[in-house]
Structures are given as structure tokens and as C-alpha cells.
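For reference, the structure is listed below as C-alpha cells.
On a predicted model such as this, the values are computed, not experimentally measured, just so you know.
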Amino acid sequence: MTTATPGSTTAKGAPSTRRTLIGTGIGNAVEWYDWAIYATFAPYFAAQLFSNTDPTSAILSTLAIFAVGFVARPFGGFIFGWIGDRIGRKSSMTLAVGLAALGSLLIGISPTFGAVGAWASLLLLVARLIQGLAHGGELPSSQTYLSEMAPREKRGLWSTLIYTSGTVGILGGTLLGAVLSGVLSKADMAAWGWRIPFLIGAAFGLYALIMRARLKETDAFEHETVQERHEPIWPQIVRHRRQALQVIGLTVGLTVSYYIWGVVAPTYASTTLGMDRGEALWASSIALVVFIAVLPLWGRAADRFGRKPIMWASALGAAAMHYPMIWLLRDSPWQLTVSMSVMLFFIAGSAAIVPAVYAELFPTKIRTVGVGVPYSICVAVFGGTAPYLQQWLTGIGSAGLFNLYSVALLVVSAVVVLSVPETKGKDLSH
């Protein structure tokens with residue numbers, strides 16, 4: 001008889017493996033799709049949900065709510081982390097994707113500012129807070145689940161599914177934006193076309209919820225005792241504060257660079273550099289395909305050579321290429337394609353394996369919340385404010401300060417890598 005250790009797979013377990021990858025991946029893709037289309041379609045719905053007397057103010061208000069959504073993420077990280085560590089990874093993941101779908105539905109059916117005044121802006125705020133809670137719980141839950149289900153020797157490769165599926169979601173939203181902007185007039189896009197991606201996100205979210213409800217729980221969680229599951233959370237967080245700080249340090253450079261180069265770059269190119277909106281979205285789509293293609297290469301390299309060399313090369317490479325790519329980026333679609341592709345190539349090194357690294361830093365009984373709280377705080381403080389900060393500093397003629405800020409955070413992440421133990425091949429069953 002063939003036996004399997006926790007996280008391993010056998011031929012008999014192949015259908016379960018496929019279900020694990022599909023259920024985790026599609027839910028994660030939907031979450032990231034929901035999150036990213038807000039930035040992609042912000043120029044279209046800003047004047048619909050805020051006063052259109054000042055277009056610049058409407059855009060800034062829309063981006064401010066984008067940042068406010070991140071404020072909810074630490075609370076989501078704690079709530080869904082608690083659920084993941086006490087009730088189960090599967091339950092946490094399922095609830096998170098359902099909540100995200102609800103947020104998208106609310107935005108998709110939101111009345112306009114002209115119809116209900118400030119209530120439209122308030123409903124947008126509520127929807128973003130709901131999505132913030134959901135996304136704050138999605139990443140730590142899905143990262144932990146996938147890492148615990150993965151074969152130990154392929155955990156780096158398996159962990160690439162998080163950013164692969166997430167970027168597929170972003171790419172889907174970006175391509176949808178390119179198609180809609182090509183077939184609909186600007187007036188139609190502003191009037192009702194922007195609602196389409198949010199309604200699609202709600203529908204796919206329902207499908208992802210059903211898929212996740214059919215997943216099995218991880219062996220690592222099921223092997224825990226009742227006593228271990230009910231130990232107080234906060235004392236454990238305090239005991240693992242060094243690991244929590246390492247999560248923040250490893251995340252800070254990645255989150256700012258990823259959101260700037262992987263999410264809001266086409267919006268920045270069209271609103272600030274004057275690039276055609278449709279062309280910017282197509283250029284961004286090509287770069288995101290490059291990002292997806294190189295993720296498994298970095299994951300395999302981490303399984304062979306270790307986590308630390310890959311994270312080191314990623315952070316320093318992105319820091320070294322930031323200024324050259326900013327210099328290259330002007331008002332041409334090919335420049336946006338090249339600059340995004342180069343930056344995302346290096347960002348992919350860390351993005352590919354941090355889900356595994358985060359999980360390998362913590363014991364089973366606090367793995368989800370231990371990652372979720374510091375990660376969500378970091379993304380809220382740095383990632384959530386990055387688009388707004390970039391727009392504001394550029395608007396007052398201080399874009400150089402933002403570039404310096406971005407590079408400095410990448411250097412911080414590179415330094416923090418030195419303090420992290422090599423976790424390749426670690427047993428996650430305890």
C-alpha cells in the first residue's frame with residue numbers, strides 16, 4: 001500500500017490535487033480580479049460616484065477609497081486568520097471569496113452621485129471595506145492552505161499559484177477593460193460600461209464559493225489537537241513577533257512595487273502620461289503575461305537553490321531597474337510594455353515564493369493569523385497608499401520623491417532577507 005505524508009500526493013489523490021489547485025486558484029483569481037478592476041476602471045466611474053464638477057478631485061477621491069479598502073485588510077487578516085486557525089483553512093477561504101463577491105455586486109449596482117448624491121460615495125466606501133476584509137483574509141488563508149497541501153519538495157513551485165492565479169484575475173480585468181474601451185464609446189463606458197466587470201466578478205465569486213466548499217481540509221490542520229486550536233491568539237502573536245516583523249519587512253518592497261508596476265501602471269500611463277487608455281491596457285496585458293510565465297521558473301529555482309537567494313535577487317534586481325524603467329516610460333505603449341515586463345520579471349522572484357516562505361516561518365496553530373495580521377498591516381500602510389501617493393506627488397511635481405521611496409523599500413526588503421532562516425523543505429505538519 002502507498003502512503004502519503006501530509007501535503008504529498010499520489011496517483012490515487014490526483015483528482016484531489018487538481019481540485020485543490022483549481023479551487024484555490026479560481027477563488028484567488030476572483031479576489032484579485034475584484035480588487036484590481038477598481039483601479040483599472042476608476043477613471044470611468046469616478047465622475048459617476050462622486051461630484052463631476054472637478055474631475056481631478058473625483059479621481060483622487062476614488063483612489064482614496066481604494067486606499068481605505070486597505071484599512072480593512074488587517075481586520076480581515078485577523079478575523080479570517082482566526083477562522084483559519086480555529087475552524088479551518090477551507091472555511092476561511094470559502095467565506096472570504098463570498099464576501100468579496102458581495103462587495104463587487106454592491107459596486108456593480110451602485111446608484112450614481114447624480115441620482116442619490118453622497119449616498120453613492122458612501123455605498124462605494126462600504127463595498128470597498130467589505131472587499132478589504134475579504135482580501136485581508138483571502139491571501140493568508142489561501143497561502144496557508146496551498147503550502148500545507150503542497151509536497152514538501154515542490155512547495156516553492158506550488159506557491160507560485162497564488163500570484164499566478166491572482167495575476168490571471170488582474171489580467172482578465174485588464175483585458176476586459178481593453179475590450180470594453182474598444183467596443184464602447186467613452187460616454188457609454190462612463191454611463192454604464194464600467195459596471196460590467198463588477199457584475200462579472202460577483203458571478204464568478206459565486207462559482208468560486210461553490211468550488212471551495214468542495215475542498216478537503218489540510219492534514220496539518222486536522223492533525224492539531226483541540227487544545228492547540230484554542231490557545232489564546234494574542235500571546236502567540238507576541239511570541240512570534242520576530243517572524244511577524246520579518247513578514248512586514250519582506251512584504252514592504254514587494255507590495256509597493258507590485259501595485260505600482262503590476263496594477264496601476266496603465267491608469268498612471270493614461271491619466272498622467274497621456275497614453276491612449278486602450279493601448280495602455282493592451283501593453284499592460286502583455287507585461288502581465290510575462291509575469292505569469294516567469295513565476296514557475298522562480299518557484300522551481302527556489303525549490304532547487306533555496307528561498308533566500310531568490311528573494312535577494314528579486315529585491316535588488318527590482319531596485320536596480322526601477323530608475324532605468326521610469327526613465328524609459330513616456331507616452332508610447334511599447335515603452336509601457338517593456339518597462340512593466342522588466343520590473344515584473346524581478347518582482348516575480350519574491351512574488352513566486354513568499355506564500356511558501358510566510359507559511360514556513362510559523363507553526364501550524366498560528367500559521368494563518370500569524371501571516372495575515374502583519375501582512376495585511378503592511379499592505380494597508382504601504383501598498384494601499386502607493387497609488388494615491390504616486391498620483392499626489394506627481395501632481396505637485398515631486399515624482400522623484402516617490403521613486404526614491406519605492407527603491408528604498410525594496411532595499412529594506414533585501415536587508416530583511418538576511419535575517420530570515422532558510423526554510424526550504426521545512427515540515428509544516430507541526
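- Contact of the L328 side chain with the W334 side chain is registered, since non-hydrogen atoms from C-beta on lie closer than 4.5 Å.
- S165 OG to I292 CD1: the interatomic distance, rounded to the nearest 0.5 Å, is 9.5 Å.
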Using side-chain contact (heavy atoms from CB on, under 4.5 Å), reason through W158 and L21 one step at a time and then give a plain yes or no. CA-CA 9 Å; W158 274 48; L21 295 176; 4.0 Å; yes
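- Checking E360, Q143, E148 one by one against R367, the side-chain hydrogen bond (donor to acceptor under 3.5 Å, both in side chains) holds for a single residue, E148.
- Remark: side-chain polar atoms of S314 are paired, donor with acceptor, to backbone N or O of F346 under 3.5 angstrom.
- Of the possible polar contacts, one joining the N28 side chain to the I162 backbone as a donor-acceptor pair under 3.5 Å is found.
- The line from CZ of F198 to CD of Q131 is 7.5 Å long, rounded to the nearest 0.5 Å.
- Applying the 6.0 Å contact sphere to NZ of K308 captures more than 12 heavy atoms from other residues, nucleotides or ligands.
- When atom types are taken as modelled, the side chain of R89 and the backbone of S142 share no donor-acceptor pair closer than 3.5 angstrom.
- Summarising the geometry, atom CG belonging to L124 is positioned 10.0 Å from atom CG belonging to L106; distances are rounded to the nearest 0.5 Å.
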Apply side-chain contact (heavy atoms from CB on, under 4.5 Å) to residues Q391 and T271 and explain how you reach the verdict. CA-CA 9 Å; Q391 187 86 11; T271 59; 4.2 Å; yes
Report the C-alpha separation of W32 and L139 in whole Å, then their side-chain angles, then the decisive distance to 0.1 Å, and conclude whether the side-chain contact (heavy atoms from CB on, under 4.5 Å) test is met. CA-CA 10 Å; W32 287 47; L139 276 176; 3.6 Å; yes
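- The closest donor-acceptor contact from the side chain of S413 to the backbone of G249 lies under 3.5 Å.
- In this structure, the side chains of T167 and Y258 come closer than 4.5 Å at one or more pairs of heavy atoms.
- Side-chain atoms of H322 and M343, non-hydrogen and from C-beta on, do get closer than 4.5 Å to each other.
- A pairwise comparison of heavy atoms in G349 and I310 identifies O-CG2, 3.5 Å as the closest pair.
- In F204, the CZ atom is not crowded: 12 or fewer heavy atoms of neighbouring residues, nucleotides or ligands sit closer than 6.0 Å.
- A heavy-atom distance below 4.5 Å is found between the side chains of I377 and V373.
- A 6.0 Å sphere centred on NZ of K186 holds no more than 12 heavy atoms belonging to other residues, nucleotides or ligands.
- Across G262 and M340, no two heavy atoms sit closer than the pair CA-CE, 4.4 Å.
- The heavy-atom pair separating M93 from S141 by the smallest distance is CG-CB, 3.7 Å.
- Using a 4.5 Å heavy-atom cutoff, the side chains of L146 and P355 are not in contact.
- Note: F221 CZ to M149 CE = 13.5 Å, rounded to the nearest 0.5 Å.
- Contact check on R73 versus E31 returns no salt bridge, with no Lys/Arg side-chain nitrogen under 4.0 Å from an Asp/Glu carboxylate oxygen.
- Ring centers of F345 and W298: under 6.0 Å apart, within the cut-off.
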Stepwise side-chain contact (heavy atoms from CB on, under 4.5 Å) check, Y358 with T251: CA-CA 10 Å; Y358 294 155; T251 303; 2.5 Å; yes
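- Distance alone, capped at 3.5 Å, is enough to place a donor-acceptor pair between the R241 side chain and the V238 backbone.
- Shortest non-hydrogen contact noted between I353 and G299 is CG2-CA, 4.1 Å.
- At distances below 3.5 Å, at least one donor-acceptor pair connects side-chain atoms of T385 with backbone N or O atoms of V381.
- Proximity of a side-chain donor or acceptor of D331 to a complementary backbone N or O of G274 within less than 3.5 Å is not detected.
- Atom CZ of F78 sits about 12.5 Å away from atom OG1 of T368, to the nearest 0.5 Å.
- Heavy atoms from other residues, nucleotides or ligands lying under 6.0 Å from CZ of R195 number more than 12.
- Judged by distance alone, the side chain of R307 and the main-chain N or O of V357 form no donor-acceptor pair under 3.5 Å.
- Looking at every heavy atom in both residues, A352 comes nearest to L295 through CB-O, 3.5 Å.
- Classification of the F402-Y405 ring pair by plane angle, with boundaries at 30° and 60°, yields tilted.
- In this structure, M189 and F41 have side chains that are in contact, with non-hydrogen atoms separated by less than 4.5 Å.
- With a 4.5 Å cut-off on side-chain heavy atoms, W282 and L175 count as touching.
- A269 approaches L336 most closely through the heavy-atom pair CB-CD2, 4.1 Å.
- Here the side chains of V264 and Y259 are not in contact, with every heavy-atom distance at 4.5 Å or above.
- The distance from atom OG1 of T24 to atom CG of L215, rounded to the nearest 0.5 Å, is 5.5 Å.
- More than 12 heavy atoms of other residues, nucleotides or ligands sit less than 6.0 Å from atom CZ of R330.
- Counting only distance, with no hydrogens or angles, the side chain of K90 and the backbone of K216 share no donor-acceptor pair below 3.5 Å.
- Surrounding OH of Y207 are at most 12 heavy atoms belonging to other residues, nucleotides or ligands under 6.0 Å away.
- For the side chain to side chain contact (heavy atoms under 4.5 Å, CB included) test with L409, the passing option among L254, V252, T255 is V252; the others fail.
- Under the 3.5 Å distance criterion, the side-chain polar atoms of S147 are left unmatched by any main-chain donor or acceptor of T144.
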